[in-house]
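Structure first, then comments.
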Amino acid sequence: MHMKENPFLEVRHVAKAFDGRPVLSDLSFTVHRGEIVGFIGPNGSGKTTTVRLVNGVLDPDAGEISVGGYDPRADGEAVRRMSGVLTESAGLYMNMTGWENLRFFADLYGVDEPGRADELLEQFGLADAAGRKVGTYSTGMKKRLGLAKAMLHRPDVLFLDEPTNGLDPEGIRMVLEYIRRLNEREGTTVIICSHLLQQLEIVCHRYLFLLEGRVVEQGTLGELEARYFPTVTLEVETDLRLADGQYRGIPARQVGPGRVAFTVPGRGAIPGLLRSLAGEAAVFSAVPVRHDLEALYFKITGGEAGE
């Protein structure tokens, strides 16, 4: 579970341009130790650039960044020692075996755990392929090996750029479960950039929405849902017969045989509605309609989704 304490990662008024083209402008946000935070935004919104800045691969044109108390510009090596990074390319050597790749990077990172490579190969379902050259691996296998590489030195923070791209459903489940377990057991802070919003819902505590190089919204799923969808739609399986598109002043509509959707001002109005309904008709089930991360994404970025 994430803890509220001094921010582990702080980005304050950061700007970055390439060849005169602004990519980030006045970017500010914080991440607390032990949080899993999803970075969400369309292509070109600055997600990957942000990860590279925070990891000290790029320097900002303006603003300040702090990771675990270090400035990536002045203390890039210290930041990289505490960071694990998985990018789209993963940076693996194709002519070396899976095991040789992990051993090479373990030596590079100064990992003094002889069995660490074998442990990670086992965890990511690659033990049987450990002796094969990585060039023969499928896209999903390379992705899992890249994540194993990022975890070799037991980093304090993981930066994951599209970590499940190219994975089959079993591989996706394995990677997401590993991220969640790692966070719960070791308190690892995780920042994930992904377009696959349903997968982010499974693991993230909180979300940052980037648009045109700045954070335009942030919060937990519950906070965002309350902000952007203040009313609650309750789907009820009932034999109630609607007369005029409402029930006792509450907007209601038939959504299928024996199913009625009621729109109430908030969750607090649900018990009273159900008590009233149960006094007049049979009620077989009642389910609040959730607004998922995808609906929120379109609402926040100006598209149309949800009701």
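Within the 3.5 Å criterion, the main-chain N or O of Gly63 finds no donor-acceptor partner in the side chain of His13. In this structure, the side chain of Lys143 engages the main chain of Glu162 through a donor-acceptor pair within 3.5 Å. Of the possible polar contacts, none joining the Ser45 side chain to the Gly213 backbone as a donor-acceptor pair under 3.5 Å is found. Checked by atom type and distance alone, the side chain of Asp161 never pairs as donor or acceptor with a backbone atom of Leu86 at under 3.5 Å. A donor-acceptor contact shorter than 3.5 Å is absent between the side chain of Arg144 and the backbone of Gln123. Formation of a donor-acceptor pair under 3.5 Å by the Arg116 side chain with backbone atoms of Leu152 is found in this model. Remark: the backbone N or O of Gly56 is paired with a side-chain donor or acceptor of Arg80 at under 3.5 angstrom. A donor-acceptor pair under 3.5 Å links the side-chain atoms of Asp239 to the main chain of Ala282, judged by distance alone. Although no hydrogens or angles enter the test, the distance criterion places no donor-acceptor pair under 3.5 Å between the side chain of Thr49 and the main chain of Gly46. Using a distance-only test at 3.5 Å, with no hydrogens or angles considered, a donor-acceptor pair links the side chain of Lys16 to the main chain of Asp59.
Ring planes of His153 and Tyr109: tilted class, angle from 30 to 60°. The aromatic rings of Phe104 and Tyr93 stand perpendicular to each other, their planes meeting at an angle above 60°, with 30° marking the opposite boundary.
No hydrogens or angles considered: a donor-acceptor pair under 3.5 Å links the side chains of Asn43 and His195.
Annotation for Tyr70: atom OH does not count as buried by contact number, only 12 or fewer foreign heavy atoms lying within 6.0 Å. Within 6.0 Å of CG in Asp19 there are 12 or fewer heavy atoms belonging to other residues, nucleotides or ligands. Counting heavy atoms of neighbouring residues, nucleotides and ligands inside a 6.0 Å radius, atom CZ of Arg259 exceeds 12 of them.
The only member of Tyr207, Phe39, Tyr297 that meets side chain to side chain contact (heavy atoms under 4.5 Å, CB included) when paired with Leu200 is Tyr207. Screening Glu217, Lys299, Glu223 for a side-chain hydrogen bond (donor to acceptor under 3.5 Å, both in side chains) with Tyr228, the sole residue that qualifies is Glu217.
Leu240 and Val289 are members of different hydrophobic clusters when ILVMFWY side chains are connected at heavy-atom separations under 4.5 Å. If you chain together hydrophobic residues whose side chains sit under 4.5 Å apart, Leu196 and Val203 never meet in one group. Grouping the Ile, Leu, Val, Met, Phe, Trp and Tyr side chains by contacts below 4.5 angstrom, directly or via other members, places Leu293 apart from Val232. By the rule that hydrophobic residues join a cluster once side-chain heavy atoms approach within less than 4.5 Å of another member, Val255 and Ile270 end up as members of separate clusters. Residues Val157 and Val57 do not share a hydrophobic cluster, defined by chaining ILVMFWY side chains whose heavy atoms lie under 4.5 Å apart.
Gln246 CD to Thr263 OG1: the interatomic distance, rounded to the nearest 0.5 Å, is 11.5 Å. To the nearest 0.5 angstrom, Thr301 atom OG1 is 10.0 Å from Ile40 atom CD1. Atoms CG and CD, from Leu210 and Gln218 in turn, are 10.0 Å apart once rounded to the nearest 0.5 Å. Distance check, rounded to the nearest 0.5 Å: CD1 of Ile36 to CZ of Arg206 gives 12.0 Å. Separation of atoms CD (Gln254) and OG1 (Thr238) is listed at 9.0 Å; rounding is to 0.5 Å. Rounding to the nearest 0.5 Å places OG1 of Thr189 at 9.0 Å from CG of Leu158.
The shortest non-hydrogen separation linking Pro155 to Ser83 is CB-C, 3.6 Å. Pro288 and Leu234 get closest at one heavy-atom pair: N-CD1, 3.6 Å. When all heavy atoms of Val260 and Ala252 are compared, the pair lying nearest together is CG1-CB, 4.0 Å. The two residues Ala129 and Tyr137 make their nearest non-hydrogen contact at O-OH, 2.5 Å. What you find for Pro60 and Val14 is that their closest heavy atoms are CB-CG1, 3.9 Å. Counting all heavy atoms, side chain and backbone alike, Tyr247 lies closest to Ser276 at OH-OG, 2.8 Å.
A salt bridge does not link Arg181 with Glu184: every distance from a Lys NZ or Arg NE/NH1/NH2 to an Asp or Glu carboxylate oxygen is 4.0 Å or more.
Annotation: side chain of Gln199 is not in contact with side chain of Ile192 (no heavy-atom distance under 4.5 Å). Residues Leu197 and Leu296 have side chains not in contact (no heavy-atom distance under 4.5 Å, counting atoms from C-beta outward). You'll find the side chain of Phe29 stays beyond 4.5 Å of the side chain of Val37, heavy atoms only. Leu53 places none of its side-chain heavy atoms less than 4.5 Å from the side chain of Leu27. Between Arg173 and Glu170 the shortest side-chain heavy-atom distance falls below 4.5 Å. For the pair Val134/Met96, no side-chain contact is recorded, criterion being any heavy-atom separation below 4.5 Å from C-beta on. Counting heavy atoms from C-beta on, the side chains of Leu145 and Leu102 come closer than 4.5 Å. Side-chain atoms of Trp99 and Leu126, non-hydrogen and from C-beta on, never get closer than 4.5 Å to each other.
Arg154 meets the salt bridge (Lys or Arg N to Asp or Glu O under 4.0 Å) test with Glu113, Glu119, Glu186; sequence neighbours excluded.
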Go through the steps for Phe8 and Val31 under the test side-chain contact (heavy atoms from CB on, under 4.5 Å), then give the verdict.
CA-CA 6 Å; Phe8 175 71; Val31 174; 5.7 Å; no

Criterion side-chain contact (heavy atoms from CB on, under 4.5 Å) on Leu208 and Ile191, from CA distance to verdict
CA-CA 10 Å; Leu208 296 172; Ile191 293 169; over 6 Å; no

Might you work through the side-chain contact (heavy atoms from CB on, under 4.5 Å) test for Tyr178 and Leu120, ending with a clear yes or no?
CA-CA 11 Å; Tyr178 183 77; Leu120 287 166; 3.7 Å; yes

Could you go step by step and tell me if Glu177 and Arg180 meet the salt bridge (charged side-chain N to carboxylate O under 4.0 Å, His left out) rule?
CA-CA 5 Å; Glu177 186 56 38; Arg180 187 162 52 188; 2.8 Å; yes

Should Val215 and Val11 be marked as a side-chain contact (heavy atoms from CB on, under 4.5 Å) after you check the CA-CA gap, both sets of side-chain angles, and the distance that decides it?
CA-CA 11 Å; Val215 173; Val11 173; over 6 Å; no

